[in-house]
2 protein chains.
Amino acid sequence: MTTTGLDGFALLDKTWSTVTPEAARRMLIAAVQAFAGKGYHATTTRDIASLAGMSPAAVYIHYRSKEELLFNISLVGHETSLALLSSIEGDGAVERLRNAVATFAGWHAEFHTTARVVQYELGALSPEHHEQVAELRRQIEQRMRSYIADGVEEGVFDVPDLKGATLAVLSLCIDVARWYQPGGKRTPDEIGAMYADLVLRMVRPN
Amino acid sequence: MTTTGLDGFALLDKTWSTVTPEAARRMLIAAVQAFAGKGYHATTTRDIASLAGMSPAAVYIHYRSKEELLFNISLVGHETSLALLSSIEGDGAVERLRNAVATFAGWHAEFHTTARVVQYELGALSPEHHEQVAELRRQIEQRMRSYIADGVEEGVFDVPDLKGATLAVLSLCIDVARWYQPGGKRTPDEIGAMYADLVLRMVRPN
DNA sequence: CTCCATACTAAGCGGTTGCTTAGAGCTAAG
DNA sequence: CTTAGCTCTAAGCAACCGCTTAGTATGGAG
């Protein structure tokens with residue numbers, strides 16, 4: 001058996017299931033693990049290659065540069081979380097916001113390895129790639145804002161500052177990726193439920 | 001005149017006013033700016049030296065290594081924010097929590113350059129230095145938890161999960177350092193006030 | 001004046017970095 | 001069988017990294 005250094009969790013991260021060929025996917029997953037663990041700049045192409053069980057030069061068969069690896073991770077990661085936020089269902093604004101926060105915060109816990117790279121390594125992208133990702137981030141913000149605005153229109157939320165509240169809710173969910181630890185006593189679903197509760201308390205009328 | 005690359009804001013950051021001699025302080029401030037802008041690993045000792053207006057070797061007159069620069073920043077930064085949280089006053093638990101959140105969130109906005117290094121570069125510390133900083137972080141968490149617990153005892157807060165709520169409040173404040181931009185339309189004080197409002201809404205009884 | 005400590009610089013060392021080159025092994029079409 | 005194309009590796013290159021060494025300038029004590 002070949003030792004690749006990729007643990008079962010990472011291989012099961014459905015975020016990357018559409019990436020082909022297999023060697024390119026293996027390399028991406030290795031990069032996600034390395035970037036999440038030590039940060040983009042502290043990770044060498046040799047780290048990535050050896051995690052993927054290949055030689056350093058093999059990286060460049062599938063990707064033009066180390067930055068392109070990061071860009072692929074960032075792009076797919078943002079698209080995944082935007083798709084997740086866009087597919088929220090629920091009866092009424094309260095249930096929709098509850099589901100949105102539970103899903104978004106839960107994703108940042110369950111896929112915290114991917115989420116860390118997605119949320120905290122943006123600064124290492126080239127200006128062109130950064131702008132592409134920034135557009136996706138604007139769409140994510142707009143989605144979350146519309147879930148809150150719906151409740152205000154329905155009269156079930158009391159929110160003095162819509163933009164500020166949206167910022168706070170997104171910030172709360174995103175920061176889960178920073179502090180979450182797999183061994184902790186809360187499961188990702190429990191974190192999602194707790195955060196949904198806290199957010200609904202924040203926007204409920206007196 | 002010598003060009004040091006240190007802008008007025010950084011030189012006025014009162015966080016570093018006690019660091020002497022002056023050249024060591026100038027070097028620390030340069031390191032804060034560089035680490036905050038590009039991250040610890042992407043910053044070279046030559047970057048720091050040229051920001052401080054000195055030669056690369058001058059770094060090692062005042063600090064043993066690049067990591068010791070980071071440790072000094074992290075230590076002083078954590079001590080400063082712990083001191084800030086410890087000096088909160090106010091009549092009753094509601095006003096004390098309001099002041100605590102406004103102060104803590106406001107600090108992460110006003111001194112976001114320092115705060116970014118303090119909050120997001122922990123992973124680059126040596127294990128020994130990391131443990132020293134972790135102890136300060138536990139004290140910060142305990143402080144914030146006690147402000148919330150006081151309100152529960154007084155009967156003015158409704159908090160089903162004290163540990164979870166503390167985590168969320170700290171997370172909200174800390175993440176300000178990630179998204180805050182000096183040119184934005186909200187001042188640090190306004191952010192502090194808005195966040196204090198949101199947190200009080202989160203913990204108020206029905 | 002001499003002497004010594006302090007704060008700094010010019011130059012550079014060994015090691016590591018992202019990435020390239022040259023070529024090997026394999027598959028499959030003609 | 002030949003050959004083209006794809007995936008991969010061994011080896012290595014130029015640049016850059018953190019840090020050190022050797023030496024200079026300055027200033028205060030005796």
Side-chain angles (χ1 to χ4, degrees), chain A residues 1-6 19-35 37-74 117 121 123-129, chain B residues 1-6 19-35 37-74 117 121 123-129:
Chain A
M1 176 205 160
T2 316
T3 302
T4 62
L6 302 178
V19 178
T20 52
E22 197 231 324
R25 176 170 61 252
R26 201 145 36 95
M27 208 85 79
L28 248 198
I29 292 171
V32 170
Q33 297 211 142
F35 292 164
K38 309 202 289 176
Y40 174 80
H41 288 292
T43 300
T44 69
T45 54
R46 285 162 180 84
D47 290 336
I48 297 167
S50 87
L51 264 176
M54 305 178 100
S55 78
V59 172
Y60 297 89
I61 305 289
H62 301 285
Y63 302 93
R64 256 191 276 273
S65 66
K66 181 180 151 187
E67 192 270 347
E68 200 180 88
L69 266 166
L70 177 63
F71 175 59
N72 269 287
I73 293 164
S74 199
V117 180
E121 302 293 340
L125 290 168
S126 73
E128 298 76 22
H129 286 163
Chain B
M1 175 203 161
T2 316
T3 302
T4 62
L6 301 178
V19 178
T20 52
E22 197 231 324
R25 178 170 60 252
R26 201 143 40 94
M27 207 85 80
L28 248 200
I29 293 172
V32 171
Q33 296 212 142
F35 292 164
K38 310 200 291 178
Y40 174 80
H41 288 292
T43 299
T44 69
T45 53
R46 287 162 179 84
D47 290 336
I48 297 166
S50 86
L51 264 177
M54 306 176 102
S55 79
V59 172
Y60 297 88
I61 304 290
H62 301 284
Y63 301 94
R64 256 192 277 272
S65 66
K66 181 180 153 188
E67 193 268 349
E68 200 181 87
L69 266 165
L70 177 64
F71 175 57
N72 269 285
I73 294 164
S74 201
V117 180
E121 302 293 340
L125 290 168
S126 74
E128 297 77 21
H129 287 163

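Quick caveat, the model's predicted, so the values are computed rather than measured. Protein chains get the first letters and strands the later ones, always in sequence-line order, with residue 1 at the start of each.
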What is the distance from [atom1] of [X] to [atom2] of [N], rounded to the nearest Å?
| X | N | atom1 | atom2 | value |
| --- | --- | --- | --- | --- |
| A/Glu68 | C/dC19 | CD | P | 10 Å |
| A/Arg64 | C/dT20 | CZ | C1' | 16 Å |
| B/Tyr60 | C/dA10 | OH | C1' | 16 Å |
| A/Lys66 | C/dC19 | NZ | C1' | 12 Å |
| B/Met27 | C/dT9 | CE | C1' | 12 Å |
| B/Tyr63 | D/dG18 | OH | C1' | 17 Å |
| A/Ile48 | C/dC19 | CD1 | P | 10 Å |
| B/His41 | D/dC17 | NE2 | C1' | 13 Å |

Using every non-hydrogen atom in the two residues, find where [X] and [Y] come nearest and quote the distance to one decimal.
| X | Y | value |
| --- | --- | --- |
| A/Lys38 | A/Ala42 | O-CB, 3.2 Å |
| A/Val59 | A/Thr45 | CG2-O, 4.1 Å |
| A/Glu121 | A/Gly39 | OE2-CA, 3.4 Å |
| B/Glu68 | B/His62 | OE1-O, 4.5 Å |

Expected output: side-chain [X] to main-chain [Y] donor-acceptor under 3.5 Å:
| X | Y | value |
| --- | --- | --- |
| A/Asp47 | A/Thr43 | no |
| A/Tyr63 | A/Met27 | no |
| B/Lys66 | B/Tyr40 | yes |
| A/Glu67 | A/Ser126 | yes |
| B/Arg26 | B/Ala52 | yes |

Checklist entry - Does a nitrogen or oxygen in the side chain of A/Thr45 sit under 4.0 Å from OP1 or OP2 of C/dG18? => result yes

Protein-nucleotides 22-25 of chain C N/O pairs under 3.5 Å:
none

Next on the checklist: Walk along nucleotides 4-10 of chain D from 5' to 3' and tag each nucleotide B, S or - by protein heavy-atom contact under 4.0 Å, base first, then sugar-phosphate.
Outcome noted: ----BBB

